[in-house]
Asks: 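Please see the structure below; I have some questions.
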Amino acid sequence: MAEAQSNTAAPTNNPASETPVVQDTPAENPATTEPTDDDAEQIEDAPFIVKIVLPHDASNPLELPVSPLEQIHEIRQSVIEHPVAVQYSCFHLEHNGQRINDFVQVSDVEGLAADSELHVVEDPYTEKEARIHFIRIRELIGAAGDRTDTAQGILAGAAIHDDVVAAAAEGAEKEVQPYDFDAIPQLSVLLPKELPPAPKTIKQITLSPWNPPPAQWRQKGHLLYLSVTTNEGEQYNVTGHVGGFFLNNCSNVKFNPTPRTDAKANSAHSLFSLLDKISPSFTKAFGDFQQFANTKEPLATFQIGNTVPSAPWIVPSASSSLITHISDPTRSQETFLLGGAENTDSLRDWNEEFQSAKELPKDTIQDRVFRERLLAKLYADYNDAAARGAVLVARGEVAPLNPTEAQDAQIFVYNNVFFSFGADGVGTFTSEGGDEAARVATGKDVLGVKLVNQLDIDGLYTPGTVVVDYLGKRIVGQSIVPGIFKQPEPGENQIHYGAVDGKDVVAADESFAPSFAKLAQSLRVKKHAVWDKENKRFDLEASVEMKGLLGTDGRKYVLDLYRVTPLDIAWMEESGPEGAEYPHRMTVLRPELVEALGKQKARDFVTAELQKRGALKKDGEETKEIKEKPEDEKAEAKEEEAKAEEAKAEEAKADATTEETKAEDAEPTEESQEKTDEEKADKDDRIDMSSFKFALNPDTFSGQVPQTDEEKEEMAKDEQEVRDACTYLRDTVITALLRDLNESDISFPMDGRSLTALLHRRGINLRYLGKLASLSDNTRLACFREVCVREMIARSFKHVASKYLKTLPLPLTSACFSHLFNCLLGAELNPKPVAEIDESYRALFGEADLAFEKVTPEGLRQEVQSEATRRFRFVLQDSWWSQVRHLQLLREISLKLGLQVQIKNFAFTESAAAEVTSAPAPTNGQAPAETAPKKKSKKKSRDASPASAPAAARAPHTFSVDDFVNVVPIIKDSAPRSALAEEALEAGRLSIYQNQRKLGEDLLLESLSLHEQIYGLIHPEVAQMYHTLSQLYFQLDQKDAAVELAKKAAIVAERTVGLDSAETVLNYLNLSLFLHQRGDSKLALGYAKHALDIWKVIYGPDHPDTITTINNYAVMLQSLKAYHESRRWFEESLRVCEKVFGRQSVNSATLLFQLAQALALDQDSKAAVDRMRESFNIFRTALGPDDKNTKEAEHWLEQLTHNAVSIAKQAKDLQARRSRAGYRFNSRNISVGASATNTASTTELPGKPTPPPSLDGRTIDELVKYIEGTDKKKTGGGSGGKKRAPGRGNPKRRGGAASTA
């Protein structure tokens, strides 16, 4: 199952979860264990083997495992994909001579059991089947050329795992090489290595110019005409017929599609078999091609069908074999092959498909699997179609339905998707901020639709919704709701619930109320009053902005979900620096914040209830308690704590309905009889959550005018609750985040994407980036501040660039990008860049607004500064443009704008340009050398060395027009996650937490299987699943399974979230750690090095979380007895740690302790003593002389000092003997500890001291054993949180694990 075929994982969570995975589970609803009961009941549903009898080889049937719950078409697909049956695509299956319907379940086929035979029976072709067969065979034999994709970009879905494995394996064969910590990051690590071309199985196979068959030949069963050129140079014309494929008598000038009658006459049902007959070299060539294809990891080549593949921001040069454009006559014919002559095969009624799929039954597990799998595929297809349509709309290639309107008000329909611009074309948002407000509203709307889809409320429907950002334009794509374009009758409203025509008219059709009430309860929205322009009151379940529409299909649709939460009034009432006004009033709170506040309120409610009960008990038992001992008080305190934990678990259910709570309370009598007295007591202590209610009014502060005093009082109360939520965000949530980062309880974000995920998960809007950066004022938070500032600059630049791009025709956009980037990032090389505009384009696009060419570096900086002040209320410091890390900012902006930039040596400064012209070795990218003070003096002298400027007609510019080769659309979709797969995962976690290991492992495997079935093999949700499972299996000590899953997680993450995403880095680090624990330390080093190289590109050097990674690397080197190189890595780890935490921190003391051991292993006894003494002094100062860490450091200091004296004495004696003998050479024991200031790492603190053995006279091997022995006994002990390793929150576990190796 999972082991045999791995399938894929998830996008929503940050790669480093903030708490250990297993610990999250106790608060989950135990109802999630329901799938377990179904599985237990379905033992008879175990898979069994059936035999598939193939027409060409009936004596050797194919054995396939099938599940009784599978449908026959799934078996059919397995046959098509099996290497032995590649030639079949048009057939049906028969059992006992009876044809089986493709859409029945295996269990419904009479007599089908283990070892039954299913016969593959070839069917006659239809025109569609013949086209599909032709496409499939072209793909199968490698005859299809490269595809130019309008939406997915260059190298979309590429993986570099195979190259990393090859490099790691090659490195494992050699001695450990010294690592250059100051090296500039190479952008080439983000691209696959070039491969030799694949073996050709056939020279060319294409549609013949004689297509389509004339009417008289269609009558005779002719479907297609093909032209084939074999590797031997022979050209054949082939007829695709209802009965198969045969060679015909056509030539290039003569049409005669009748079968050939000469010696070369050949025919076959499958085109594959026909090629085998006419080309003697085909079989061998196809074998070679398969062997070539099999050198790659299957997951790295598996087709991506259920998600948008990740497009890398850096792409190879045009001359690279990775993106060679190959001549392929059939490429332009693929539209016909896929869609038919009328292109009707690809036209779909998206809305009807969505709503019909949602109406499918969900009573049984199998029903839910089928429904969720269908929905996942449907959303993926729709997102792809909408993205392609949006790109065409943005380029002006789709005619508007209302061409006389202003451009922003124009609407389009393409491929049955309705498109409009995310701008205020008709004045709906005039009072909220115009175009800015409309742009934000569309983004909030797609998030709201996603929330509703996730809740899956019966009877409430949403249109398929996608928002696409492309070339400065925001385009909304929606499935067409039946009746949306229908003009209402006089006196009727098109909208049946919510605001009509602004807020002047309000509709409140009672038939919508029950569905909206369910939605409101889940979203914590309070039922409240609103008033129309005549001050008539309406009580609505949801925001007045949220609309209910009764479609002509009779379904109730919910639209305009951009106001599911209240306004952040605290933000609106604050004024920005220098009087900067926020661009719009759509500053709503995030749903995650409202949910977190609801849980906090529930926790407070439970605590208050417990205190009440505690007070009652205390009154009743006061006399007994007077005589109790202090120990009993402690026990009671523990009991109270346990109850509080129980309360937290209860709090997780606080949003359950009253009916559910009552149902939980009323349990069957048989069950209660079986419970112990203790459990009954717990039952009595259960807190009734039905009286707890928390909901917010989303229409506060939005112009509603209450009429009566009672209404005004209610509104004032609602407004206060919203203000409390704003206060909770500022005083509790933001403070808690900064505290967690400061104490290293969670991992630091690496880039904008991981920062955004972290803030959104906590319920913090990105407009608070400025506040977060201002509050990050100590050295520990310097990294967080830098990422926040970089993100603000990138987002501000995006808004500035969008202004210039919005009206530009596509051929001029590269000139715009190159000039704006030269002004932002290349001004140090050329302070007066000139826009590079092709004069022929200037003449051709005479009406184009070329305002971008007037932009200067100073002007652009001012615009970026102004945007940052307006949007984030943050004033960028003087000369911010010279302090940013250029390469990292280039990456951030490229990802935000969807840019694909050609790889080259980017010269951001004059010194870098001099290096590029003088250095033959390529260095792709510019490290933040300009701002990093740690660079060695030799590097500085090289930078300062004179170099002649290259003579060129044009002054040197960092970027040229040719660097910007493509723009991919940025897509925000509304696809929900699979509830069923997540339930199984949570149930598995909970079972493991409760020590039901076997059940837990079964449920985890079931969850993996569900993820793979529902999402397909390549999907970000599946990558997340692999990642989570690999960690769980590692904790369960199943290292082989953990390695395999971590490898899959890395590959799938590369292909779906990015070759250089934070998730990918974390997956490679996990894989490295798991391999090391399994004993493959040399291979592990290769993966860890790759992760660090990517890390340098993403963030730059000295990220706080690299302390753990570098330390782990040092431990791996130590296990390989590469003591000198290991010592260098410990030193680097210490250097980063000192920069982040300071030299006198406990973290630095821990690393000094480890470094001292490493120096001892490297036979540098003097430096080892110095480092251990420093560690001991810091521990003594910070933790006191009695702390166990201080004592162990003292014990080690004594032993190392004793050992150093002994070694020095031996060295002195040896030196004396050598000088007496007449020769001398330096002992290796001469101190090289001076470089120990260059150090860095994070692991756990030294733990229990071991009995002090005498190190006097011991060999280095014995010392190794001694050190490794104590290393294994080290614990993370210490005083409180101070001793926590300063690495990643979760990855901290990696540090601990690795250091025990």
Side-chain angles (χ1 to χ4, degrees), residues 1111 1114-1115 1118 1123 1126-1127 1130-1131 1133-1135 1137-1138 1141-1212 1229-1260 1262-1279 1282-1283 1285 1299:
N1111 192 82
V1115 172
Q1118 223 170 50
Y1123 297 124
S1126 166
R1127 160 246 190 94
F1130 277 123
E1131 289 170 350
S1133 179
L1134 178 59
R1135 184 192 63 74
C1137 186
E1138 284 176 7
F1141 296 98
R1143 182 75 172 188
Q1144 297 305 309
S1145 67
V1146 174
N1147 297 300
S1148 294
T1150 306
L1151 299 181
L1152 283 163
F1153 183 97
Q1154 286 192 301
L1155 176 60
Q1157 295 176 330
L1159 290 165
L1161 288 172
D1162 196 31
Q1163 300 186 36
D1164 190 349
S1165 53
K1166 182 177 181 300
V1169 171
D1170 292 343
R1171 298 294 163 263
M1172 190 60 77
R1173 181 177 293 112
E1174 200 174 343
S1175 173
F1176 166 68
N1177 290 335
I1178 296 171
F1179 278 138
R1180 186 173 58 184
T1181 305
L1183 306 177
D1186 297 329
D1187 186 87
K1188 59 183 176 183
N1189 296 299
T1190 312
K1191 287 182 177 176
E1192 185 171 1
E1194 185 178 23
H1195 163 61
W1196 271 90
L1197 179 59
E1198 289 170 7
Q1199 298 305 320
L1200 289 173
T1201 306
H1202 187 69
N1203 197 50
V1205 170
S1206 173
I1207 289 174
K1209 187 179 175 185
Q1210 289 172 18
K1212 191 175 179 184
N1229 293 329
I1230 299 298
S1231 169
V1232 289
S1235 63
T1237 49
N1238 267 3
T1239 21
S1241 171
T1242 63
T1243 42
E1244 306 171 34
L1245 292 174
K1248 306 172 190 170
T1250 47
S1254 169
L1255 297 187
D1256 197 10
R1258 286 180 174 241
T1259 65
I1260 194 65
E1262 288 169 327
L1263 181 60
V1264 169
K1265 288 175 188 172
Y1266 175 70
I1267 289 176
E1268 288 182 344
T1270 51
D1271 220 26
K1272 284 171 184 165
K1273 291 176 189 172
K1274 284 201 295 179
T1275 68
S1279 64
K1282 281 190 178 180
K1283 298 194 191 162
S1299 55

Asks: Of all residues at least two apart in sequence or in a different chain, which pass the salt bridge (charged side-chain N to carboxylate O under 4.0 Å, His left out) check with Glu1194?
Replies: none
Asks: Would you please name every residue forming a side chain to side chain donor-acceptor pair (under 3.5 Å) with Ser1145, sequence neighbours left out?
Replies: Ser1148
Asks: Do Lys1166 and Val1169 make a side-chain contact, defined as non-hydrogen atoms from C-beta onward lying under 4.5 Å apart?
Replies: no
Asks: Specify the closest pair of heavy atoms between Asp1162 and Tyr1123, including all atoms of both residues, with the distance to one decimal.
Replies: OD1-C, 4.0 Å
Asks: Answer whether the closest heavy-atom distance between the side chains of His1202 and Ser1206 falls below 4.5 Å.
Replies: no
Asks: If you measure from CG on Leu1200 to NE2 on His1195, what distance do you get to the nearest 0.5 Å?
Replies: 9.0 Å
Asks: Is it true that a side-chain atom of Thr1201 and a backbone atom of Leu1197 form a donor plus acceptor pair closer than 3.5 Å?
Replies: yes
Asks: In Å, rounded to the nearest 0.5 Å, how long is the span from NZ of Lys1188 to NZ of Lys1191?
Replies: 11.0 Å
Asks: Could you go through Phe1130 and Gln1157, starting from their C-alpha distance and side-chain angles, then the distance that decides it, and tell me whether this counts as side-chain contact (heavy atoms from CB on, under 4.5 Å)?
Replies: CA-CA 10 Å; Phe1130 277 123; Gln1157 295 176 330; over 6 Å; no
Asks: How long is the gap from CZ on Arg1171 to CG on Leu1155, to the nearest 0.5 Å?
Replies: 6.5 Å
Asks: Excluding sequence neighbours, so at least two apart, what forms side chain to side chain donor-acceptor pair (under 3.5 Å) with Arg1173?
Replies: none
Asks: Counting distance only, does the side-chain N/O of Ser1165 pair as donor-acceptor with the main-chain N or O of Ala1160 below 3.5 Å?
Replies: no
Asks: Do you know the tightest heavy-atom contact between Phe1153 and Ala1193?
Replies: CE1-CA, 3.9 Å
Asks: What's the spacing between Asn1177 CG and Arg1180 CZ if we round to 0.5 Å?
Replies: 5.0 Å
Asks: Just so I know, are the side chains of Phe1179 and Glu1192 near enough to count as touching, which here means a heavy-atom distance under 4.5 Å?
Replies: no
Asks: Do Leu1161 and Gln1118 make a side-chain contact, defined as non-hydrogen atoms from C-beta onward lying under 4.5 Å apart?
Replies: yes
